[in-house]
Amino acid sequence: MKIAIAGAGAMGSRFGIMLAKGGNEVTLIDGWPAHVEAIKKEGLKANFNGEDITVNLPIMLQSKVSAQTHADLIILFTKAMQLDQMLQDIKPLIAQHTEVLCLLNGIGHEDVIEKYVPMEKIFIGNTMWTAGMEGPGKVKLFGNGSIELQNLGKGQEEAAQKLAAVLSESGLNAKYSDNIHYSIYRKACVNGTMNGLCTVLDVNMAGLGQTSTAHDMVVTIVNEFASVAKCEGVNLDVAEVIAHVESCFDASTIGMHFPSMHQDLIKNNRLTEIDYINGAVSRKGKKYNVATPYCDFLTQLVHAKEQILGAK
Ligand code: NAD
């Protein structure tokens, strides 16, 4: 299958490498010139479960995408704030038959994708795979993961199942979900608590969990997500979601990790995806007349921190 990875950072590189190893014809597309140049010159370098590998994959700058490179499948892996520009730039790649899969964290990306892709070709989901950027042309890929995905267009269930099968053939462990909006909101509750709070407080997840106020903050934020989700027909099991979120505090599993937003902003001075997580809940809250004071405040705090640190 001809697959384009639109956004070849940490996650895009992981998917590109695994799908190419699985026999697909993969092209990487990215907007970071130093990264594109490094991969063109020396290949994509990865520490893949402890083994150093170099994979040669074609890569092009998103501003240079041309109509000769139609794809059967485009997998979107930008940061949320880069998504609209990426879709604008890769318009020439989107043929009538092209399917587009979005696995970004956050809520409501379909509103952006719909501007460029017909509904029946859009597939959304989320993933438990992880990846880290080490520098231009270099990524770190550890552990296992999974993917859940679903069609947005009516009657496209079979296409979604086929897409999951293609990803699984390359070891990506994908499955069809008949309630993807539930999974997306559930994962967004993890990101909407751990990411913003650990970033503003400059602490890892176990450290956050040890504070006397963590539980109340998690409960309030998850309830705000659940109230907004309900207006969209998604009824979260709030107690289960809170337990799921708080399992991140466990120092013997993942608690010692800093969430990716912390790494982006505190370590690398990069802008965050807060507008597409807590900020999305705030916007939807206004639309549905639901109060979301903790999400509003956390979004403002993270933006203030971005400005203090001069994030780009
Ligand atoms: P990423 O930051 O590694 O890559 C996204 C884009 O930013 C790429 O185009 C990349 O080239 C560019 N970029 C990366 N570092 C840069 C730098 N220093 N300067 C300039 N440009 C830079 O993002 P990601 O971690 O691959 O995440 C993509 C999406 O997947 C996000 O929505 C994220 O929340 C989600 N996600 C990430 C993980 C993870 O473990 N990384 C897991 C699940 C979901």
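When a ligand or atom number is given, it counts from 1 through the structure's own listing order.
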Residue and atom name of the nearest protein heavy atom (relative to [atom]), distance in Å to one decimal:
| atom | value |
| --- | --- |
| atom 13 (N) of ligand 1 | Arg270 NH2, 3.3 Å |
| atom 31 (C) of ligand 1 | Glu273 OE2, 3.2 Å |
| atom 8 (C) of ligand 1 | Asp30 OD1, 3.2 Å |

Is the closest heavy atom of [X] to ligand 1 under 4.0 Å?
| X | result |
| --- | --- |
| Asn268 | no |
| Lys187 | yes |
| Trp129 | yes |

(request) Just go through Gly137, Gly9, Gly143 and tell me whose heavy atom is the nearest to atom 4 (O) of ligand 1. (result) Gly9

(message) Heavy atom to atom 40 (O) of ligand 1, shortest distance: which of Gly7, Ser13, Ala131, Cys102 holds it?
(response) Ala131

Just distance, no hydrogens or angles: give the donor-acceptor pairs under 3.5 Å from side chains in residues 7-19, sequence neighbours left out.
{"residue": "Ser13", "atom": "OG", "partner": "Ala8", "partner atom": "O", "Å": "3.1"}
{"residue": "Ser13", "atom": "OG", "partner": "Gly9", "partner atom": "O", "Å": "2.7"}
{"residue": "Arg14", "atom": "NE", "partner": "Thr130", "partner atom": "O", "Å": "2.7"}
{"residue": "Arg14", "atom": "NH2", "partner": "Thr130", "partner atom": "O", "Å": "3.2"}
{"residue": "Arg14", "atom": "NH2", "partner": "Phe142", "partner atom": "O", "Å": "3.2"}

(message) With a 4.0 Å cut-off on N to O distance, would you call Arg270 and Glu306 a salt bridge?
(response) no

(message) Between Arg186 and Asp237, does any NZ, NE, NH1 or NH2 come within less than 4.0 Å of an OD or OE carboxylate oxygen?
(response) no

(request) Report yes or no: do Gln88 and Tyr116 form a side-chain donor-acceptor pair below 3.5 Å? (result) yes

(message) Looking only at side-chain N and O atoms, does Asp89 offer a donor or acceptor that is under 3.5 Å from a partner on Gln85?
(response) yes

